[in-house]
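Step one of this worksheet: look at the structure below.
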Amino acid sequence: MKIPPAQRAVTLGRYILENRTTVRAAAKQFGISKSTVHKDVSERLKKEDPDITLGAEERQIGGLGIFLVKKNMDAVSYRYEDGKNIFTMQKAIA
């Protein structure tokens, strides 16, 4: 999976949610390590938002995918419970 880490985190989170699967299964599906999947969904989604008031050339590369998910969802969370990784995105649909 050769995409930027922030985009990979969003892709993995979406895959885990849509398929109601585990970190282990996601790692196997995408051909990456379990530790990479775990780090992506547990750490990268918590990163500080990029400063979008800066021009593209002034900003650090990466982080916009996670930023967009956080801005478009009402809530995003991750926790490890009973031997399972639980990644949750919530959006109210009116």
Side-chain angles (χ1 to χ4, degrees):
M1 183 178 233
K2 302 275 186 195
I3 59 175
Q7 184 179 347
R8 183 182 63 218
V10 172
T11 301
L12 288 165
R14 184 176 295 129
Y15 177 82
I16 290 168
L17 284 173
E18 289 174 354
N19 294 283
R20 299 175 104 13
T21 194
T22 64
V23 164
R24 177 175 291 171
K28 185 176 181 180
Q29 174 68 28
F30 289 95
I32 57 178
S33 70
K34 291 181 293 185
S35 61
T36 298
V37 176
H38 188 270
K39 182 174 183 162
D40 280 354
V41 298
S42 66
E43 295 177 20
R44 295 192 202 285
L45 293 175
K46 293 180 184 179
K47 286 181 85 175
E48 188 175 318
D49 292 342
D51 184 354
I52 59 171
T53 63
L54 298 174
E57 62 283 343
E58 299 173 289
R59 282 195 312 264
Q60 184 176 3
I61 294 173
L64 289 176
I66 293 170
F67 172 74
L68 291 171
V69 168
K70 290 181 353 185
K71 291 299 175 195
N72 287 298
M73 293 291 130
D74 296 318
V76 178
S77 66
Y78 168 83
R79 70 183 188 281
Y80 184 80
E81 184 177 291
D82 298 325
K84 296 180 182 173
N85 297 285
I86 302 168
F87 175 66
T88 306
M89 293 187 295
Q90 296 176 332
K91 179 69 178 171
I93 301 173

Given Phe30 and Val37, is the side-chain contact (heavy atoms from CB on, under 4.5 Å) satisfied, shown in steps?
-> CA-CA 9 Å; Phe30 289 95; Val37 176; over 6 Å; no
Would you mind writing out the side-chain donor-acceptor pairs for residues 86-94 within the sub-3.5 Å range, not counting sequence neighbours?
{"residue": "Lys91", "atom": "NZ", "partner": "Asn72", "partner atom": "O", "Å": "3.0"}

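Taking the side chain to side chain donor-acceptor pair (under 3.5 Å) definition, one finds that Asp82 meets it with nothing, sequence neighbours left out. Thr21 meets the side chain to side chain donor-acceptor pair (under 3.5 Å) test with no other residue; sequence neighbours excluded. Checked against side-chain contact (heavy atoms from CB on, under 4.5 Å), Lys34 has the following partners two or more places apart in sequence or in another chain: Val23, Arg24, Ala27.
Atoms CD and OG1, on Gln29 and Thr22 in that order, are 11.5 Å from each other to the nearest 0.5 Å. Atoms CG and CD1, on Asp40 and Ile32 in that order, are 6.0 Å from each other to the nearest 0.5 Å.
For CG of Leu17, the number of neighbouring non-hydrogen atoms (other residues, nucleotides, ligands) closer than 6.0 Å is greater than 12.
In terms of heavy-atom proximity, Ile16 sits nearest to Ala26 at CG1-CB, 3.8 Å.
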